[in-house]
Amino acid sequence: MKWQASTGYGKRSLVETAIGRYKSIIGRRLRARSFDAQQTEVAIGCAALNRMLACARPKSIRRDGPTT
């Protein structure tokens, strides 16, 4: 575990997971030709992916006291 913390492996794993999720949902390649249009396409794809993930994320509420 120490080598993972020293090399930043956890961040790399999170990035690889995010890229894999993007590719599986949005697609493996860009369709736009110009660089500006490609940047816009990626921004729209990320926004759509973030909205989908937000819908699936549970809304947790902390409760005080014993639960029954």
Side-chain angles (χ1 to χ4, degrees):
M1 295 304 284
K2 189 174 182 177
W3 72 269
Q4 290 180 353
S6 65
T7 60
Y9 182 80
K11 290 181 183 179
R12 177 181 173 176
S13 177
L14 291 174
V15 169
E16 287 179 1
T17 302
I19 291 173
R21 187 179 297 124
Y22 181 91
K23 285 181 177 180
S24 68
I25 294 174
I26 305 300
R28 298 190 66 80
R29 61 186 210 97
L30 297 174
R31 288 150 186 87
R33 293 187 180 189
S34 70
F35 184 68
D36 290 337
Q38 288 176 351
Q39 287 179 318
T40 303
E41 183 179 347
V42 170
I44 292 169
C46 288
L49 186 61
N50 286 336
R51 289 185 103 180
M52 286 188 278
L53 291 173
C55 290
R57 191 172 296 126
K59 294 168 180 59
S60 302
I61 299 174
R62 175 176 228 126
R63 295 185 59 142
D64 294 331
T67 59
T68 54

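Remember, it's a predicted structure, so these values are computed and weren't measured experimentally.
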Within the side chain of Arg31, is there an N or O that forms a donor-acceptor pair under 3.5 Å with the backbone of Arg29?
-> yes
Closest non-hydrogen contact found for Glu41 with Leu30 is OE2-CA, 3.6 Å
For the student: nearest non-hydrogen atoms of Tyr22 and Val42, plus distance | OH-CA, 3.7 Å
Do you know which two heavy atoms are closest between Arg33 and Gln38, and how far apart they sit?
-> O-NE2, 3.7 Å
Ignoring hydrogens and angles, tell me if any N or O in the side chain of Ser13 forms a donor-acceptor pair with the backbone of Tyr9 under 3.5 Å.
-> no
Mind checking the SG-CG spacing from Cys55 to Asn50? Nearest 0.5 Å is all I need.
-> 11.0 Å
